[in-house]
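Below is one structure, written out as structure tokens; comments come after it.
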Amino acid sequence: MTDPDLPQPGGGNVTSLEARLAAEALIVDVDGFEGPLDLLLTLSRTQKVDLRRISVLALAEQYLAFVDQAKELRIELAADYLVMAAWLAFLKSRLLLPPDPKDEGPSGEDMAAHLAFQLERLEAMRDVAAKLMGRDRLGRDVFARGEEESVARVRRTRFTASLLDLMQAYARIRTKDEFRPFVLDRGPILSMEEALARLRPLIAFAGDWTDLSAYLPDGWQTDPARRRSAMAATFAASLELVKRGQAEIQQSETFAPIRLRRKDPHD
Amino acid sequence: MTDRDGPSDRDASLFAAPPLGEQERMVEAVLFASASPVSLKELFGRLPHGSDPAAAVENLQRRYDGRGVRLVKIGDAYAFRTAPDLAFLMSRETVETRKLSRAAIETLAIIAYHQPVTRAEIEEIRGVGVSRGTIDQLLEMDWIRLGRRRMTPGRPVTFVVTETFLDHFSLESARDLPGLKELRAAGLLDNRPPPGAEPPEPSENDTQSELFDPPPPEGEPAP
Amino acid sequence: MTDRDGPSDRDASLFAAPPLGEQERMVEAVLFASASPVSLKELFGRLPHGSDPAAAVENLQRRYDGRGVRLVKIGDAYAFRTAPDLAFLMSRETVETRKLSRAAIETLAIIAYHQPVTRAEIEEIRGVGVSRGTIDQLLEMDWIRLGRRRMTPGRPVTFVVTETFLDHFSLESARDLPGLKELRAAGLLDNRPPPGAEPPEPSENDTQSELFDPPPPEGEPAP
């Protein structure tokens with residue numbers, strides 16, 4: 001798997017036996033890799049140099065050789081490994097061919113530098129993750145009060161919920177809503193009973209003259225068919241309220257807005 | 001009891017007991033971290049060979065004399081206890097926590113995601129009525145409060161979440177709550193019941209698991 | 001908080017704060033009794049009116065310096081913890097902590113060092129998708145929480161570490177993370193987009209955030 005065509009900086013002391021063993025170990029462990037970047041980082045270690053001085057070209061070669069070998073051994077590689085292989089093949093051609101002045105886009109060097117940065121950053125994160133896990137940890141190195149004291153005096157129930165509860169509850173409601181059976185959806189007809197049931201509590205607050213159209217239910221104003229039905233039903237319902245002496249109605253001239261207000265029983 | 005092992009003792013010279021001050025620190029840490037009172041015999045077993053826990057306990061007891069906590073003897077064991085005159089400070093420790101009901105958590109979620117939201121809107125989103133007690137409970141917990149009245153006929157009151165709510169859920173603002181798509185992407189939207197909750201009715205569970213295959217529905221503003 | 005009311009203040013003379021030594025005992029008792037850190041704000045609420053818990057904590061911290069238990073600061077809160085050098089005595093107290101997967105450990109480290117960080121950024125750094133359940137697990141352990149939404153297209157949610165995280169890893173604040181300065185100096189915490197990358201296209205994921213676009217209304221008490 002080490003590529004004989006490519007010089008390996010600092011890697012000259014790797015005997016072919018070691019290399020073969022390493023290659024086999026990689027094949028066996030392919031499931032253990034966490035994605036192409038992880039594999040690249042492992043491959044880069046065979047170069048035995050500081051990640052900042054790594055040969056990205058050699059690394060690309062190593063990766064492509066690895067993918068070829070996996071194919072030969074009929075190991076099913078996940079799509080992202082193949083995407084990375086395609087990208088590295090592209091990068092390799094960019095690095096080997098003289099730059100085409102007409103070609104726009106990033107240079108091979110920039111792309112290689114970014115890959116080196118990504119590898120360095122991933123390794124740095126792994127280092128600090130290990131350092132973090134090695135710190136004095138609660139319950140292992142330092143300890144909290146073992147016997148919390150509580151004086152049983154005030155017994156108060158406190159209700160609580162976690163953020164997960166909250167988010168899951170919301171998801172539950174909203175996804176349920178999406179699948180509301182179609183038949184339950186309201187048709188374009190608002191019945192007078194519905195309009196009356198709606199208007200009755202609303203009118204109780206309206207001491208001032210208010211345009212009838214303001215009482216149309218939400219979502220019924222835009223669609224003309226729904227609007228007509230809602231307007232008719234609401235108008236009929238308002239007449240019913242007037243008849244019962246609960247409201248007053250007026251229209252200043254023909255086609256002017258119809259206005260409605262609460263009628264106080266004491267008036 | 002203080003000088004059991006003379007310097008002639010071979011073990012003691014090989015594995016010299018730590019100085020008494022150090023033993024005192026050790027006893028202090030062990031008693032502090034232990035979930036129940038610790039006997040002298042147990043301390044003897046846990047401290048380095050040749051230690052004298054009785055002397056260490058005695059010194060410690062003097063050190064904590066008059067402090068906010070005391071080293072007290074319970075039976076033949078020792079433990080730290082709050083000084084009796086400060087017991088009044090501890091009364092808050094005894095709260096019993098209970099999970100919020102499903103109706104309450106759903107109502108709360110709708111308020112958090114759609115605030116300011118009216119009661120009618122909550123009912124519309126939940127698809128069932130919201131009992132007065134649920135709103136009252138959330139108000140009493142100081143997780144929701146009244147917002148501006150909606151400028152629509154009837155001028156219904158709206159509900160919004162409070163600072164206390166944000167505090168409890170460690171949120172900087174309600175806007176930071178993830179949307180449905182994000183919930184799904186984060187793997188939070190699955191049909192596993194939330195920890196501690198009773199499993200949802202099977203019928204609903206079935207519907208839900210089917211919901212995750214079609215393109216994710218968007219959260220849409222309440223009407 | 002620091003300047004206690006002078007004797008001229010009528011309230012202060014009626015309900016005079018206890019002397020600082022007494023306040024110290026009170027803080028000691030409250031912190032000793034609690035296994036989890038107690039914030040200054042909470043101490044302020046529990047101590048008698050006019051107390052200065054900050055000063056009391058400072059005195060206490062000095063008092064416990066070098067003892068078997070120490071008074072440590074965790075974010076804005078304080079707790080007593082056993083001295084790390086005595087861990088060897090505590091084998092009996094050790095609780096088997098849940099084994100975290102390598103993916104979870106790395107994700108946690110990335111959140112800690114890059115916070116606030118979006119899921120996409122975590123995936124970019126690790127070079128692999130964050131598996132379902134990893135974020136979930138860290139949230140459940142209360143080691144991470146939601147931060148502010150990123151003000152970029154799509155307004156993705158971000159993650160930050162919690163006080164529980166700091167407490168667990170004996171950190172006073174996230175600034176004390178090991179190697180943080182070196183990483184920053186080496187530019188490894190920069191958000192460096194890949195060369196030639198298109199600026200991320202606005203995602204259609206924004207429905208939810210639009211919900212919150214109008215400024216949150218001020219609550220006015222119901223008449």
Side-chain angles (χ1 to χ4, degrees), chain B residues 22 24-35 46-48 60 63 66-69 80 82-83 85-87 89-90 92-93 113-116 145-149 157-158 160 162 169-182 185-188 190 195 218-222, chain C residues 24-34 46-47 60 63 66-69 80-83 85-86 89-93 119 130-136 139-140 142 145-149 155-158 162-163 203-212 216-223:
Chain B
E22 209 34 38
E24 213 184 294
R25 289 183 71 228
M26 291 173 180
V27 170
E28 190 175 29
V30 168
L31 293 185
F32 172 82
S34 172
R46 285 175 76 172
L47 262 56
L60 257 186
R63 182 182 283 275
R67 305 290 319 151
V69 289
F80 282 113
T82 309
D85 65 307
L86 299 179
L89 289 170
M90 301 298 133
R92 285 196 188 188
E93 300 294 311
Y113 274 90
H114 291 268
Q115 64 171 345
R145 62 176 174 81
L146 296 170
R148 273 193 199 294
R149 279 180 184 273
V157 294
T158 63
V160 296
T162 62
F169 291 98
S170 304
L171 290 165
E172 289 171 40
S173 91
R175 293 168 209 219
D176 297 327
L177 282 168
L180 282 186
K181 215 178 219 180
E182 291 165 310
L188 290 170
D190 56 16
E218 288 294 340
E220 40 181 66
Chain C
E24 210 185 296
R25 288 185 70 228
M26 290 174 178
V27 170
E28 188 178 28
V30 169
L31 293 184
F32 229 87
S34 168
R46 287 176 70 173
L47 261 58
L60 258 185
R63 182 182 284 273
R67 305 289 317 151
V69 291
F80 278 112
R81 297 285 178 251
T82 60
D85 65 306
L86 300 178
L89 289 170
M90 303 295 163
S91 50
R92 308 184 59 217
E93 256 69 59
R119 182 190 165 95
V130 173
S131 86
R132 187 190 183 84
T134 299
I135 297 269
D136 197 338
L139 279 169
E140 233 174 285
D142 192 24
R145 64 176 177 85
L146 295 168
R148 278 202 186 289
R149 276 178 187 275
R155 302 187 50 192
V157 295
T158 65
T162 62
E163 212 159 78
S203 95
E204 68 295 348
N205 188 7
D206 223 17
T207 332
Q208 209 230 330
S209 54
E210 277 166 14
L211 266 183
F212 298 111
E218 283 308 311
E220 41 180 65

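Please read all numbers here as calculations on a predicted model, not as lab measurements. In the text below, chain A, chain B and the rest are named by the order of the sequence lines, each starting its count at 1.
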Give the minimum heavy-atom separation between [X] and [Y], together with the two atoms involved.
X	Y	value
B/Leu60	C/Arg67	CD2-NH2, 3.7 Å
C/Gly68	B/Ala29	O-CB, 3.6 Å
C/Glu28	B/Val69	OE1-N, 4.0 Å

**Item:** Structural part of C/Leu146 lying under 4.5 Å from a heavy atom of chain B
**Value:** both
**Message:** If I measure from the heavy atoms of chain B, does C/Arg81 come under 4.5 Å with its side chain, its backbone, both, or neither?
**Reply:**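 Looking at C/Arg81, just its backbone touches chain B.
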**Request:** Using a cut-off of under 4.5 Å on heavy-atom pairs, state which of C/Glu163, C/Glu24, C/Met26, C/Arg63 scores highest against chain B.
**Result:** C/Arg63
**Prompt:** When rounded to the nearest 0.5 angstrom, what distance separates OG in B/Ser170 from CG in C/Leu139?
**Reply:**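 These two atoms lie 10.0 Å from each other.
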**Message:** Under a 3.5 Å distance rule, please check whether C/Arg145 uses its side chain to pair with a backbone N or O of B/Leu171 as donor and acceptor.
**Reply:** no
**Prompt:** Is it true that a side-chain atom of C/Arg149 and a backbone atom of B/Leu177 form a donor plus acceptor pair closer than 3.5 Å?
**Reply:** yes
**Message:** Please classify the contact of B/Leu31 with chain C as side chain, backbone, both or neither, using a heavy-atom distance under 4.5 Å.
**Reply:** neither
**Request:** May I ask you to test the B/Arg175-C/Val157 pair for a side-chain heavy-atom distance under 4.5 Å?
**Result:** no
**Request:** Find out whether C/Thr82 and B/Phe32 are in side-chain contact, i.e. whether some heavy atom of one side chain is under 4.5 Å from a heavy atom of the other.
**Result:**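 Yes - at least one pair of side-chain heavy atoms lies under 4.5 Å apart.
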**Request:** For chain C, find which of B/Asp176, B/Leu86, B/Thr162, B/Val27 contributes the most heavy-atom pairs closer than 4.5 angstrom.
**Result:**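 That would be B/Asp176.
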**Item:** side-chain hydrogen bond (donor to acceptor under 3.5 Å, both in side chains) involving C/Arg25 - partner list, sequence neighbours excluded
**Value:** B/Asp85, C/Glu22
